[in-house]
Amino acid sequence: LHTAYRRQRQMCIRDRYILAASRPAPLAIKAKRDRGGAIGDLTPDSQTGFQADSGAATGPQATPRPASADDPDGSTDGDSPRLAWTASVLSLVGLLALISAVRRISHRSRIRSAARHAAGSAAAARPYVLMIGKYPLQAAAGDMVSVRRLEDHLSSAGFRVSYSPVTEDGELGVPPASIPSLVHALNAEGPATLGAKFAKEWGVPLVVTTTGTDINRGLMELDRRGAVLANLKAADRILTLTQAQSDAVKQAEPRARVERITQGVLLEGSDFDLRKAAAVPAGRRVALMLGGLRPVKGQKMAIEAWGTDFGWQLVIVGEAVDPAYAAEVQEAARTRDHVTVLGPLAHQDAIAALASADALLNTSDSEGESRAVLEAMALGTPVIARRNPGNSALIQDGLTGLLFDRADEIPGRLAQLGDEHAVVKIVSAAKGVIEGRDGQEHDEDALGRIYRELIGEVHFAEAATPSHQPPAPVGN
């Protein structure tokens, strides 16, 4: 920048000298025209300042004025230093703008070049699916468990799968390993917007899975509805978790190809001791909450219900997905004697905690189909859940679980679990719901079938036999 400034300043000074020397030029040009000559090269002349160039100058050459205290550069224009400085500042502003633009373009170019880098490799013979999600996958988060489960199953079925979150700038957080055969967006808002853009650019099919808030809220709120509808129209196939979601999508976009899929669950546990980890006093029953700490999950609502002691300990387990909200949850928990926040647990430990808890408490404002609720029902742990479309699709109030609308209803619902006979009936009916799903096509099998339909069986016929190598790490 210093070099650029010096050069700019020198150019300004040079231009002033030329300007000073050429002020009489119009007279010389007129004289030249009067003599019938061409307006060619002119040189300084002692009378007019310029004369026609005949090969050498005949008059004295213009010389710059000596520098003075008022004009240290020897210039005739006192504003020239300011002009030079302004030019350098403008150059700096332009440079910063250029750097910003180059960074944005570079990020997209890196994604595209990385995608094309492995296109000719042997591994590219296997259909490659790029999954795009809303959040980075955390080691202890439920999304990681679901994606890993699907990735393992799809890998054995002949696919390569990788996952990329959407960054705050609306870009792919992790470049794809190659140009994918199919893009799968795990949410109908941000991930689907980005997925639709890249699917169109690469000329590949787009699958969109609705989750919960994208349909329950996204389609209902005017400032979000337009983007959701555009993404649903762009999708080659839309997958929903509940019949209520399917109905909402079909009503919003009648031409959409919608298919409901059934989530599978993993119930492998560990020897984790929940009561010991949460320091639960002997004789107290435990209500467990599983889910990332973010406003939609409503952990603060649950803490409000523990304003009095009614014999239960609330234990909150989850990743700090929203750090600001997580701090509020921690602060609220300090004001209650029987509330414990443990933070995240590995999935096997979470399953062990769920199996030993006396109840699962779900206070989510919006749900698609809660995996924690499914796991609790399969393990025989009673579920008390906030009434919303997703929870209501799984739980029949009083039959397969208990529903509530307000925080002050939670103590009463927990008190109902004091009736052992009622608990046995609820647990038995809930297990029956899960067992009834065993005969259905689960999501991992459904995805393999749908991917094949969209990509085409010809691709599989020409593809190499799937190797036994482990799937590519998610997020790398």
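The first residue in the sequence is number 1, and the count goes up from there.
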Mind listing the closest non-hydrogen atom pair of L361 and A302 along with its distance?
-> CD2-CB, 3.9 Å
Backbone N or O of G218 within a donor-acceptor pair of the R225 side chain at under 3.5 Å?
-> no
Quickly, which of S178, P127, S181 forms a side-chain contact (heavy atoms from CB on, under 4.5 Å) with R160? Name it, please.
-> S178
For Q396, does the CD atom sit with more than 12 other heavy atoms under 6.0 Å from it, leaving out its own atoms?
-> no
Of all the heavy-atom pairs spanning M377 and L394, show the shortest one and how long it is.
-> CE-O, 3.8 Å
Spacing of CG belonging to L266 relative to CG belonging to L374, to within rounding of 0.5 Å | 12.0 Å
Side-chain donor/acceptor of S155 to backbone N/O of E151, under 3.5 Å = no
Check the pair E304 / K300 against salt bridge (charged side-chain N to carboxylate O under 4.0 Å, His left out), numbers first and verdict last.
-> CA-CA 6 Å; E304 290 175 10; K300 288 175 64 177; over 6 Å; no
Name the atoms and distances for all side-chain donor-acceptor pairs under 3.5 Å in residues 204-213, with sequence neighbours left out.
residue, atom, partner, partner atom, Å
T209, OG1, H184, NE2, 2.7
T210, OG1, L239, O, 3.4
T210, OG1, Q245, OE1, 2.8
T211, OG1, N187, ND2, 3.1
T211, OG1, D214, OD1, 3.4
T211, OG1, D214, OD2, 3.4

Looking at the rings of Y128 and F159, which for Trp means the six-membered one, are their centres under 6.0 Å apart?
-> no
Spatial distance of atom CG (N362) from atom CG (N391) [nearest 0.5 Å] | 4.5 Å
Are any of the side-chain heavy atoms of D349 and L274 separated by less than 4.5 Å?
-> no
Does A324 offer a backbone N or O that forms a donor-acceptor pair with the side chain of D322 under 3.5 Å?
-> yes
Going through the checks in order, is the salt bridge (charged side-chain N to carboxylate O under 4.0 Å, His left out) test met by D247 and R260?
-> CA-CA 10 Å; D247 295 341; R260 180 185 172 186; over 6 Å; no
Heavy-atom side-chain proximity of R224 to E189 below 4.5 angstrom | yes
Measure the CD1-CZ distance between I132 and F198 for me, rounded to the nearest 0.5 Å.
-> 7.5 Å
In Å and rounded to the nearest 0.5 Å, what is the CG to CZ distance from L414 to F310?
-> 5.5 Å
Decide salt bridge (charged side-chain N to carboxylate O under 4.0 Å, His left out) for E369 and R371; before the verdict, give the C-alpha distance in whole Å, the side-chain angles of both, and the deciding distance to 0.1 Å.
-> CA-CA 6 Å; E369 187 177 66; R371 190 187 59 262; over 6 Å; no
Test salt bridge (charged side-chain N to carboxylate O under 4.0 Å, His left out) applied to E367 and R387, step by step = CA-CA 10 Å; E367 283 284 7; R387 199 185 308 272; over 6 Å; no
With side chains defined as the heavy atoms from C-beta onward, is the minimum distance between Y325 and K297 less than 4.5 Å?
-> no
Ion pair present between K197 and E201, side-chain N to carboxylate O less than 4.0 angstrom?
-> no
Rounded to the nearest 0.5 Å, what's the gap from CD on E409 to CG on D405? Could you check?
-> 5.0 Å
Distance-only, no hydrogens or angles: does the W202 side chain make a donor-acceptor pair with backbone N or O of V183 under 3.5 Å?
-> no
How far does CG of D236 sit from CD of E453, to the nearest 0.5 angstrom?
-> 12.0 Å
Just by distance, with hydrogens left out, do T240 and E259 show a side-chain donor and acceptor under 3.5 Å apart?
-> no
Is there a donor-acceptor contact under 3.5 Å linking the side chains of N231 and T193?
-> yes
